[in-house]
**Q** 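Before I ask anything, here is the structure I am working with.
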Amino acid sequence: THYLAVAKETMVAHVIKPYSKDPLTEIRSAPKVYGFDSGFASYAHGWTFIRQEDYGILWEHLVLNQLIANINVEKIRYWRTKQGHEIDFIFLKREKSNPDAIECKWNSQTFSSRNLKQFRKKYPQGNNYLVAHDVKQSYTTRIDGLVLQVVSLPDMVKMLASKSE
C-alpha cells in the first residue's frame, strides 16, 4: 500500500477503487492501478512494439486519462464480481447517486452486454455508455433490454464533465 500511495501522490499511476455494495459477491478492496499515460503503460508492460491485441488496454488507459483530466478521480470506480464480471469504469456524480457504467472498447463491434446485464441486475438505475475508438457519431441503441449510449471519447468527456458540475 505504501507503493500505491507514492504512485498516486507522484501521479505516476492512477489508483481506481472498486465500486461495491455487496461484499459476498463483489470485489471490495482490490484497487486497479493504471499508468499515468499509455506510453508509460506500454513501457511498464515491456512492450517494444504495440500489437493489435494491446489496443484495448491502451484505449482503456487513454479513456481514464481523459476522464481524470475533466472529472475528479474520486468519482471514478470500477466494478468486478468474484465470478469475473467486470465494468471498466463506474462514474458516481455523488457518493449516493445512481452509478453510470462505462465500457471501453477499441472496436465497438466487440462489445458484449454480458457484464453490463449483470451489473444492471444489481444496480438497475444509471446510464450505460460504450466509449469506442471507432465511433465518430454518438448514438443510442438498445441491446438485450438495456439502453446503451455508444459514444466517441470527446462526447463521453463532455457528457460526464457536465454531470459532475
Side-chain angles (χ1 to χ4, degrees), residues 4 13-35 38 41 45 50-68 70-161 163-164:
L4 288 179
H14 302 296
V15 179
I16 306 299
K17 299 174 190 172
Y19 178 78
S20 173
K21 302 287 183 193
D22 182 357
L24 296 176
T25 62
E26 298 172 337
I27 304 298
R28 292 189 60 141
S29 60
K32 284 178 79 173
V33 179
Y34 290 85
S38 55
H45 281 287
I50 299 173
R51 305 163 301 176
Q52 183 83 26
E53 57 265 28
D54 303 328
Y55 291 0
I57 189 66
L58 293 174
W59 177 248
E60 194 173 319
H61 272 80
L62 180 62
V63 169
L64 178 62
N65 286 338
Q66 289 302 304
L67 291 175
I68 289 171
N70 293 279
I71 298 166
N72 180 342
V73 70
E74 294 302 315
K75 294 183 178 192
I76 303 169
R77 302 276 197 280
Y78 79 96
W79 178 79
R80 184 183 306 142
T81 66
K82 294 175 181 175
Q83 295 77 33
H85 299 288
E86 184 174 342
I87 299 293
D88 294 326
F89 302 115
I90 302 299
F91 172 70
L92 299 168
K93 295 175 234 25
R94 292 169 304 286
E95 193 58 39
K96 302 279 185 195
S97 65
N98 295 324
D100 289 345
I102 304 168
E103 283 287 273
C104 306
K105 295 291 180 197
W106 180 254
N107 181 337
S108 61
Q109 300 303 309
T110 64
F111 173 75
S112 166
S113 64
R114 184 177 71 92
N115 292 334
L116 187 56
K117 283 174 33 181
Q118 291 299 315
F119 181 73
R120 286 301 174 205
K121 279 183 187 178
K122 288 190 143 320
Y123 308 102
Q125 301 298 313
N127 297 308
N128 304 312
Y129 299 101
L130 168 61
V131 58
H133 173 265
D134 62 342
V135 173
K136 303 303 178 219
Q137 180 70 39
S138 298
Y139 61 94
T140 301
T141 188
R142 287 187 79 81
I143 297 177
D144 295 329
L146 298 168
V147 175
L148 181 68
Q149 295 179 56
V150 183
V151 297
S152 66
L153 183 53
D155 287 349
M156 164 102 290
V157 169
K158 280 186 230 166
M159 283 189 279
L160 295 183
K163 286 183 175 192
S164 69

**Q** In Å and rounded to the nearest 0.5 Å, what is the CG to NE2 distance from Leu58 to His61?
**A** 7.5 Å
**Q** Who pairs with Val150 by side chain to side chain contact (heavy atoms under 4.5 Å, CB included), at least two apart in sequence or on another chain?
**A** Leu130, Val135, Tyr139, Thr141, Leu148
**Q** Would you give the length of the straight line joining atom CG of Leu116 to atom NZ of Lys121, rounded to the nearest 0.5 angstrom?
**A** 12.0 Å
**Q** Go through the structure and list residues passing side chain to side chain contact (heavy atoms under 4.5 Å, CB included) with Gln83, not counting sequence neighbours.
**A** Thr25, Thr81, His85
**Q** Going by the rule side chain to side chain donor-acceptor pair (under 3.5 Å), which residues pair with Arg120 if we only count those two or more places apart in sequence or in a different chain?
**A** Asn128
**Q** Which distance, rounded to the nearest 0.5 Å, do you find between the CD1 of Ile76 and the CD1 of Ile71?
**A** 5.5 Å
**Q** Can you check side-chain contact (heavy atoms from CB on, under 4.5 Å) on Leu160 and Tyr129, steps first, answer last?
**A** CA-CA 10 Å; Leu160 295 183; Tyr129 299 101; 4.0 Å; yes
**Q** Who are the salt bridge (Lys or Arg N to Asp or Glu O under 4.0 Å) partners of Lys122, not counting sequence neighbours?
**A** Asp22
**Q** Who passes side chain to side chain donor-acceptor pair (under 3.5 Å) against Glu26, sequence neighbours left out?
**A** Ser20, Trp79, Tyr123
**Q** Spell out, as yes or no, whether a donor-acceptor pair under 3.5 Å connects the side chain of Ser152 to the backbone of Gln137.
**A** no
**Q** Applying side chain to side chain donor-acceptor pair (under 3.5 Å), name anything that partners Asn65, two or more places apart in sequence or on another chain.
**A** His14
**Q** Under the salt bridge (Lys or Arg N to Asp or Glu O under 4.0 Å) definition, can you give me all pairs with a residue in residues 76-91, not counting sequence neighbours?
**A** Lys32-Glu86, Arg77-Glu95, Arg80-Glu86
**Q** How would you list, by chain and number, every residue that makes a salt bridge (Lys or Arg N to Asp or Glu O under 4.0 Å) with Arg51, sequence neighbours excluded?
**A** Glu53, Asp54
**Q** Does the side-chain contact (heavy atoms from CB on, under 4.5 Å) test come out yes or no for Tyr78 and Ile27, once each step is laid out?
**A** CA-CA 10 Å; Tyr78 79 96; Ile27 304 298; 3.8 Å; yes
**Q** Mind checking what makes side chain to side chain contact (heavy atoms under 4.5 Å, CB included) contact with Thr140, not counting sequence neighbours?
**A** Val147, Gln149
**Q** Identify which one of Val63, Asp155, Leu67 satisfies the side-chain contact (heavy atoms from CB on, under 4.5 Å) criterion when paired with Val131.
**A** Val63
**Q** Partners of Asp100 by salt bridge (Lys or Arg N to Asp or Glu O under 4.0 Å), sequence neighbours excluded?
**A** Lys93, Lys163
**Q** Go through the structure and list residues passing side chain to side chain donor-acceptor pair (under 3.5 Å) with Asp134, not counting sequence neighbours.
**A** Ser108
**Q** To the nearest 0.5 Å, what is the distance between CZ (Phe89) and CD1 (Ile68)?
**A** 7.5 Å
**Q** Under 30°, 30 to 60°, or over 60°: which ring-plane class applies to Trp59 and His133, parallel, tilted or perpendicular?
**A** perpendicular
**Q** Quick one: salt bridge (Lys or Arg N to Asp or Glu O under 4.0 Å) pairs with a partner in residues 135-146, sequence neighbours left out?
**A** none
**Q** Any idea which heavy atoms bring Ile87 and Glu103 closest together, and the distance?
**A** CA-OE2, 3.2 Å
